[in-house]
Amino acid sequence: MPRKSSDEHQANTRLGALGESLTKSFLLEWCDFVYDTCEKHPADLLCELGPAKYTVQVKTRKRTPEGKYVYATSEKFRQKSQIYQYYHVDILAFVFIPSKRVFFKPNNSQQNYWTFTDKIITPNMELETFTESIKSCECVPVIRPLLDEADK
């Protein structure tokens with residue numbers, strides 16, 4: 001597989017930053033608090049609505065020549081640490097460029113490849129899909145010890 005050039009990598013980084021900023025801007029209007037995560041965190045954003053907290057993974061894509069937006073939410077081909085393999089993100093945010101629109105989806109299925117067209121875009125898409133996503137979230141944390149049995 002060919003490697004990305006420096007310019008391609010920079011363009012992808014900028015595209016991702018734009019998508020995260022658009023998503024954060026929407027969430028700031030509707031949530032009590034919205035936070036960026038640290039550099040290597042599995043989620044991109046954390047948001048709070050009252051006592052509920054949600055993690056959000058943002059995926060940003062440009063429209064293909066065929067008029068589609070194609071997203072892969074699983075990076076199974078990359079090496080991952082255990083925390084990345086088992087980390088559950090509550091909400092997926094799909095950002096459509098050039099229209100700068102965000103479609104939210106609860107991360108409650110095994111599906112890891114999504115294709116959309118502009119037909120999915122509606123006037124109130126962001127609020128409607130975000131509302132439906134938080135209604136569908138049922139996050140139960142997995143408690144993992146810091147120390148292994150050998151460390152005790």
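Keep in mind that this is a model prediction, so the values were computed, not measured. Any value given below was found using the heavy atoms of this structure, including those in side chains, with hydrogens, waters and symmetry copies removed.
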query = When rounded to the nearest 0.5 angstrom, what is the spacing between NZ in K100 and OG1 in T23?
reply = 13.0 Å

For the student: nearest non-hydrogen atoms of V89 and P42, plus distance = CG2-O, 4.3 Å

request  = Answer whether the closest heavy-atom distance between the side chains of Q10 and R14 falls below 4.5 Å.
outcome  = yes

query = Looking at CD of E20 and NZ of K59, how far apart are the two atoms once the value is rounded to the nearest 0.5 Å?
reply = 10.0 Å

Rounded distance (nearest 0.5 Å) linking atom OG of S109 with atom CH2 of W114 = 4.0 Å

ask   = Is the OH atom of Y35 crowded by more than 12 outside heavy atoms at less than 6.0 Å?
value = yes

task = Any chance you could measure C31, atom SG, to I134, atom CD1, to the nearest 0.5 Å?
result = 7.0 Å

Check: F116 ring centroid to Y69 ring centroid under 6.0 Å = no

remark   = When every non-hydrogen atom of A43 is compared with those of T55, the smallest separation belongs to CB-CB, 3.8 Å

message = For C137, is there any backbone N or O sitting under 3.5 Å from a side-chain donor or acceptor partner on D90?
response = no

ask   = What pair of heavy atoms forms the shortest contact from N108 to S136, and how long is it?
value = ND2-CB, 3.7 Å

query = Would you say the side-chain atoms of E66 pair up with the backbone N or O of K68, donor to acceptor, closer than 3.5 Å?
reply = no

query = Short question: side chain of E8, backbone of S5 - any donor-acceptor pair under 3.5 Å?
reply = yes

query = Is there a side-chain contact between T37 and L45, using heavy atoms and a 4.5 Å cut-off?
reply = no

inquiry  = Using 0.5 Å steps for rounding, measure from the CH2 atom of W30 to the CD atom of E126.
reply    = 11.0 Å

inquiry  = Do V95 and I121 sit in one hydrophobic cluster, given that two such residues count as connected whenever their side-chain heavy atoms are within less than 4.5 Å of each other, even indirectly?
reply    = no

request  = Examine M125 and F94 and state if one hydrophobic cluster contains both, with Ile, Leu, Val, Met, Phe, Trp and Tyr joined whenever side-chain heavy atoms are less than 4.5 Å apart.
outcome  = yes

request  = Verify, without hydrogens or angle tests, whether N107 (side chain) and L92 (backbone) share a donor-acceptor contact under 3.5 angstrom.
outcome  = no

ask   = So do R63 and P98 actually touch side chain to side chain, heavy atoms under 4.5 Å?
value = yes

message = Does any part of the side chain of C38, heavy atoms only, come nearer than 4.5 Å to the side chain of H41, both counted from C-beta?
response = yes

request  = For I91 and F130, run side chain to side chain contact (heavy atoms under 4.5 Å, CB included): C-alpha distance rounded to whole Å, both residues' side-chain angles, the deciding distance at 0.1 Å, then the answer.
outcome  = CA-CA 8 Å; I91 299 171; F130 182 63; 3.9 Å; yes

Heavy-atom pair with the smallest gap, counting every atom of R61 and V70 = CG-O, 3.1 Å

query = Transitively linked via ILVMFWY side-chain contacts under 4.5 Å: I97 with I120?
reply = no

request  = Flag yes if V34 and L22 sit in one hydrophobic cluster, no otherwise; membership is Ile, Leu, Val, Met, Phe, Trp, Tyr, and two members link when side-chain heavy atoms are under 4.5 Å apart.
outcome  = yes

task = Check the pair K105, T129 against side chain to side chain contact (heavy atoms under 4.5 Å, CB included), reporting the backbone distance first and the verdict last.
result = CA-CA 7 Å; K105 192 139 190 73; T129 59; over 6 Å; no

key: Closest approach of T122 to R101 (non-hydrogen atoms, all atoms of both residues)   = O-NH2, 2.8 Å

query = Shared ILVMFWY cluster between F103 and L15, side chains joined below 4.5 angstrom?
reply = no

key: Chi angles and distances behind the side chain to side chain contact (heavy atoms under 4.5 Å, CB included) call for L49, Y54   = CA-CA 8 Å; L49 287 147; Y54 303 98; 3.9 Å; yes

